[in-house]
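For reference, the structure is listed below as structure tokens.
Numbered from 1 within each chain, the chains take letters A, B, ... in sequence-line order. Keep in mind that this is a model prediction, so the values were computed, not measured.
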Amino acid sequence: MFWGNRKTLKMNYFPDEVLEHVFDFISSHKDRNSVSLVCKSWYKIERYSRQRVFIGNCYSISPERLIARFPGLKSLTLKGMPHFADFNLVPHDWGGFVYPWIKALAKSRIGLEELRLKRMVVSDESLELLSKSFLNFKSLVLVSCEGFTTDGLAAIAANCRFLRELDLQENEVDDHRGHWLSSFPESCTSLVSLNFACLKGEINLGAIERLVARSPNLKSLRLNRAVPFDTLQKLLMQAPQLVDLGTGNFVHDPSSEAYNKLKSAIQRCKSIRSLSGFLEVAPHCMSAIYPICANLTFLNLSYAPGLHGNDLTKLIQHCRKLQRLWILDCIGDKGLGVVASTCKELQELRVFPSDLIGAGNAAVTEEGLVHISAGCPKLNSLLYFCQQMTNAALITVAKNCPNFIRFRLCILDPQKPDPVTNQALDEGFGAIVQSCKGLKRLSLSGLLTDQVFLYIGMYAEQLEMLSIAFAGDSDKGMLYVLNGCKKLRKLEIRDCPFGNEALLEDVGKYETMRSLWMSSCEVTLGGCKTLAEKMPSLSVEIINEIEQMEFSLDDMQKVEKMYLYRTLVGHRKDAPEFVWIL
Amino acid sequence: MEVGLKMGKGGGDHVCGCEKVKMGFEETELRLGLPGGGGGEGEAIRKRFFSETVDLKLNLSSKESSGINPNEEKVKGLRQEKSLLPCANDPAKPPAKAQVVGWPPVRSFRKNMLATQKSGSEESTEKASGNSAALVKVSMDGAPYLRKVDLRMCNSYQELSDALAKMFSSFTIGNCGSQGMRDFMNESKLMDLLNGSDYVPTYEDRDGDWMLVGDVPWEYVVHL
């Protein structure tokens with residue numbers, strides 16, 4: 001078998017099984033993809049041994065081809081809508097349906113065990129089919145999905161006999177109340193992770209108590225706001241082995257019996273490293289968790305209303321081992337100073353805005369970020385919503401933290417300049433891309449000219465994803481980026497003066513990328529048509545919510561929203577009326 | 001929603017409707033609903049206080065506030081604000097604050113959650129702020145107005161029943177004290193026990209029920 005003719009001998013001096021075993025150690029998708037390109041026999045060995053597949057755009061390939069290539073598939077990750085759908089820029093019925101995937105997989109012999117979906121439309125029908133088609137199904141993770149109700153969850157609970165993980169993150173679920181939890185049979189004792197924090201309705205408290213009591217392997221539990229304090233205490237008594245906890249309602253009277261009970265229950269939970277929830281909370285309630293703060297590595301208080309500066313800093317001072325912190329901007333610049341002096345291990349910080357109606361009361365500025373950069377040298381991932389930013393601050397941050405992989409800055413007032421110098425923020429962001437050689441993801445905001453794009457094109461060699469809004473002066477800006485960033489995969493642009501010239505300069509570039517989004521720019525219908533003609537391997541979608549009659553077919557017409565992506569399977573068949581695929 | 005403990009007319013063996021009280025607890029959720037109570041910041045919440053206080057003082061009987069849940073109104077208000085955001089994006093126009101679709105770039109899930117929390121916060125901060133009153137609305141068939149009783153002031157069902165008897169004894173002829181409620185049928189005279197006058201000050205709460213002024217301590221009403 002392996003003593004083939006001389007040609008193959010050079011490449012294949014190990015038997016297939018050995019190569020397969022070696023490939024087992026290669027887990028990253030990128031690396032496995034590279035492995036498959038080496039030669040035909042490596043391609044063959046790799047494809048039969050591949051168990052985990054990641055598909056960043058569900059329309060880039062078809063389920064049939066997936067199944068044909070990877071018969072050993074066990075875990076599938078799929079993403080549907082483009083990122084800007086998170087911000088209501090994509091109409092609801094645009095697409096991203098998971099049903100055809102589940103249908104095709106169900107018909108095949110694939111022994112699917114894990115399904116992870118992001119920004120997809122998931123119907124109850126899909127969930128039911130999923131639950132009945134795969135004997136060994138173990139893990140369902142849904143992030144920012146929609147289209148299903150708690151009935152679908154009931155089907156999963158009832159039919160997946162070996163379910164280990166049900167993780168629902170920030171989905172829009174139609175809550176039919178209560179009973180889906182009771183659908184877990186008494187025989188279900190395999191749960192390791194259960195997250196239903198995003199559900200809005202009531203749940204059967206007895207059912208969750210019994211479920212937790214019979215799940216000895218449960219490591220991660222995230223409750224929704226309907227779970228009261230008393231129940232939390234009972235659950236913790238049953239599950240002292242928890243590693244990750246998301247509380248529901250955390251409101252209680254500190255002089256009550258319930259409070260004391262919870263405090264002692266929580267003290268037994270010596271393994272908790274990750275804490276979130278607090279969907280309803282008041283300041284004096286937080287002292288109950290002080291006993292476990294010392295070991296926390298992840299703390300998410302971004303959904304906790306009513307906790308302000310002092311409450312937050314008092315709590316954080318106990319959390320010296322924190323690596324990831326998600327928080328609301330009510331912590332303030334001073335509070336961030338406390339974080340900086342306490343959390344020396346901090347790697348990821350997300351500061352979300354508490355005021356979303358633009359009343360101009362964002363509580364953090366460049367000061368807070370500078371404190372953090374000075375105190376937390378390990379910082380590599382940032383999401384920061386703030387009132388204002390200066391070039392000087394960004395330059396300091398760049399110097400202090402050269403390890404950024406993700407840098408997302410959102411100044412709440414679009415196109416706001418440096419308030420001290422009144423200049424654009426080109427130099428500041430320029431410093432960031434120059435200093436952070438490993439930067440993979442960047443989101444810009446504030447007043448920006450073409451200059452910042454020149455810097456990005458020049459320095460951001462590892463950049464894979466770039467988000468731009470209300471920035472730039474001319475096509476040059478976009479061209480700097482397209483020409484300079486060789487590893488660019490996703491580019492999303494809104495409200496920028498980039499037009500056809502930039503779009504059409506290097507059409508081959510888009511084949512090296514996953515997708516391009518442009519909305520409210522200067523690109524015209526004619527430009528998009530030209531692009532579509534030149535690049536049949538791309539799907540160029542025009543999303544037009546204006547009435548058909550009003551929308552003229554004039555090539556000079558500016559396009560409201562354009563989304564293009566590379567695909568191996570041509571135009572999708574499920575596009576709604578308002579999507580025109582050129 | 002507030003719990004209404006209904007006390008029926010007509011006699012019976014009930015120890016002043018203790019059974020009924022039990023039913024109330026099981027069926028419904030206690031709401032620490034103080035008209036105008038609760039903490040939190042925000043103009044919307046302050047607005048609500050204002051209108052509730054006005055109702056209280058002027059003893060408005062207009063039905064405009066009946067049946068309207070202020071929480072709903074507020075949430076609707078917020079939603080309306082969002083729908084005002086224009087859909088058309090004109091790159092030539094500089095974007096004004098709070099009028100730009102999809103800005104700031106925060107996931108709609110998070111935005112909705114924040115909005116829900118803000119509108120519900122007056123209830124939760126009230127529970128949390130240590131107000132120790134568990135005020136429950138009590139209605140008796142035939143009584144012209146309802147009463148509010150603080151359950152935390154009673155240490156037993158007997159005490160509660162006594163308190164209720166005292167409260168509603170004014171609707172009967174004469175003085176029945178705390179011996180249980182009799183003569184429910186007799187509504188001929190309304191007596192204000194404190195003042196001895198024929199009239200009592202009342203207000204209409206958000207559910208459209210007429211309530212006796214004074215059951216809820218003034219501090220809670222104006223949220224001191």
What are the two closest non-hydrogen atoms of [X] and [Y], and how far apart are they?
X: Asn88(A); Y: Val101(B); value: O-CG1, 4.2 Å
X: Trp103(B); Y: Leu412(A); value: NE1-O, 2.9 Å
X: Pro353(A); Y: Val106(B); value: CG-CG2, 3.7 Å

Taking side chain as everything from C-beta outward and backbone as N, CA, C, O, which of these in [X] sits under 4.5 Å from a heavy atom of chain B? Side chain, backbone, both or neither.
X: Leu279(A); answer: both
X: Ser302(A); answer: both
X: Phe352(A); answer: side chain

Applying ring-ring contact (aromatic ring centres under 6.0 Å, His included), name anything that partners Tyr384(A), two or more places apart in sequence or on another chain.
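ring-ring contact (aromatic ring centres under 6.0 Å, His included) list for Tyr384(A), sorted by chain: empty.
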Go through the structure and list residues passing ring-ring contact (aromatic ring centres under 6.0 Å, His included) with Tyr303(A), not counting sequence neighbours.
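None.
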Using the rule given for side-chain contact (heavy atoms from CB on, under 4.5 Å), can you reason through Lys200(A) versus Asn112(B), listing the C-alpha separation, both sets of side-chain angles and the distance that settles it, and then say yes or no?
CA-CA 11 Å; Lys200(A) 299 191 187 102; Asn112(B) 296 337; 5.8 Å; no
Kindly compute the distance separating CZ (Arg110(B)) from CG (Asp86(A)), expressed to the nearest 0.5 Å.
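CG of Asp86(A) is found 11.0 Å from CZ of Arg110(B).
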